[in-house]
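Letters A, B, ... are given to chains in the order of the sequence lines, protein chains preceding strands, and every chain is numbered from 1.
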Amino acid sequence: MDIDDILREVDPTFDSIPEDTRDLQALTRAWVAERSSPELLDWPIDGLFERINERIKQQIEKIEEMTGDMDPKTNFALIVIQTELERYKYLVRSYLRARIAKIDKHTLHYLSNPVIRARLSPPELAYATRHQALLHNHYLSSFLSSFPAPLQNLNDTAGNISMIDAPDLDTAVFIRLLGDTRVEGRGTDEDGAMDGKNGDIVILRWSDAKKLVDTGVAEIV
Amino acid sequence: MALPLPPGLVPTEVAFLCEMEMVTVVPRQRLESIPLLSGKTPALRPPHRAKLPLWLALLLKKQRRANIVAPPWLHSDSLKDIINYETNIDPVAFSPPPPPPMKSDGRGGARPYAQASSEMKPGDMILSPPFLPSCTQDAPSGYLPYHWLELSETLLAHAADDIPNAAEVRTLLRDLQEVRAAKMRGSTVQLEGGGGVLKLRGVGAMELAESRGFVLGVVEGVRKLGASAEASRREEEEERANGGGDEDSDEEMGF
């Protein structure tokens, strides 16, 4: 820590969230949102996961260096660092697995059009494409090939009924408001609206909540 | 590979989240700053208090390297106030959540915690629990933070000797939990109406996790049962909006 850091800490006009905390907040928020939302959310585009993975890698290298040192004092620090590393890895892993679960469930839907496809990260896109290709080949070799050719498609939309299963966007979610805003939601008997205050927890349909979450005035809990 | 858990955080995940809450500790041993992924920990010098995440505070507590300072809302007087509010002042809604933490801006005003100015700029990040200081010694008393149930349970389980009147606090917490569980059950009556938006101001994370399945099940059930009625209502509204003459708006204004 040099003198600038110290000055910054006591300067009340300075925005005091350090980058590490911001990233942890962003990661936690992304994880909670992905765990609770009915559909796959956008992959963070600001390089959040690249930063976090890089830092995890550096931390692992640091641990490897420290393990050689058998001083009891660094020993305790080592335990703390490893515990924290495991917590970080759990967050990242759980986030990725929650996304894979959604991709597995509605693979064709997420591959079906370019707008939705943009939500996947490059490795996820590769996984989804390959997974679907394997599945289709397997179906073809086991039973589809004995069907007439017009019935062999897995993504038929004939007769106004799409074969592609999509997540139900009207599923209810819990959101927390991060600022005062108006909340509108559609209901079965009547449409509701209320003036929400900072910190309110609201239950409404995901299709109504999405725009609030996208603009950042609300987060999924 | 894919996560087999149902959507929505399960109680163990909520507990994991709660362990990120910052708490105040009184160190009993010196400990140098540790470079963690979430930033450097403050160097611990007894008897200076320091703020640490709960998981680290518990680790230090187990090794008898530090004591945890119970947050002000966990004192028996504060809990009694909250129970009084929940039972007598407002028997329907939950007690309000703590006000957003403020910080002096150095010019005689106040601004939200960890935000450069009182005005929101685009791109500013707003912190939310568990990253707000709602369980440190500076937290306001008389308000339950978002992670109140998990945090108090954890502290009572692992650091009961650091909480003043632990036995009394335990009974008060149980009362509070029962009062609020009844309110949570009561709030499902509003779900039947199918009103679109339901507000649960002041609810806790664990309370949400407990009743998430039930609440979402009711909302889904009501929506599916009323789907055709809703569709016809929407069609009607659309027709009215399209053929909207003067008489329609008069009708709406009149009643």
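- Contact of A:A209 with chain B is not made at all, since no heavy-atom distance falls under 4.5 Å.
- Judged as a ring-ring contact (aromatic ring centres under 6.0 Å, His included), and not counting sequence neighbours, the contacts of A:H131 are A:Y127.
- When all heavy atoms are compared, the tightest approach of B:P35 to A:Q59 is O-NE2, 3.2 Å.
- Inspection of non-hydrogen atoms places B:E230, B:R233, B:R234 of residues 227-236 of chain B under 4.5 Å from chain A.
- Across every non-hydrogen atom of A:E84 and B:L37, the tightest pair is OE1-N, 2.8 Å.
- Using a 4.5 Å cut-off between heavy atoms, A:I220 does not touch chain B at all.
- Of the two parts of A:R99, neither the backbone nor the side chain holds a non-hydrogen atom closer than 4.5 Å to a non-hydrogen atom of chain B.
- With a 4.5 angstrom heavy-atom cutoff, A:E34 does not touch chain B via any of its atoms.
- With a 4.5 Å cut-off on non-hydrogen atoms, A:R93 does not touch chain B at all.
- Heavy atoms closer than 4.5 Å to chain A are found in the side chain of B:L56, but not in its backbone.
- Of the two parts of A:D200, the backbone and the side chain both hold a non-hydrogen atom closer than 4.5 Å to a non-hydrogen atom of chain B.
- Contacts of A:T215 with chain B are absent, with no heavy-atom separation under 4.5 Å from either backbone or side chain.
- Interface remark: A:T28 contributes side-chain atoms only to the contact with chain B (heavy atom separation under 4.5 Å).
- With a 4.5 Å cut-off on non-hydrogen atoms, A:K62 touches chain B through its side chain but not through its backbone.
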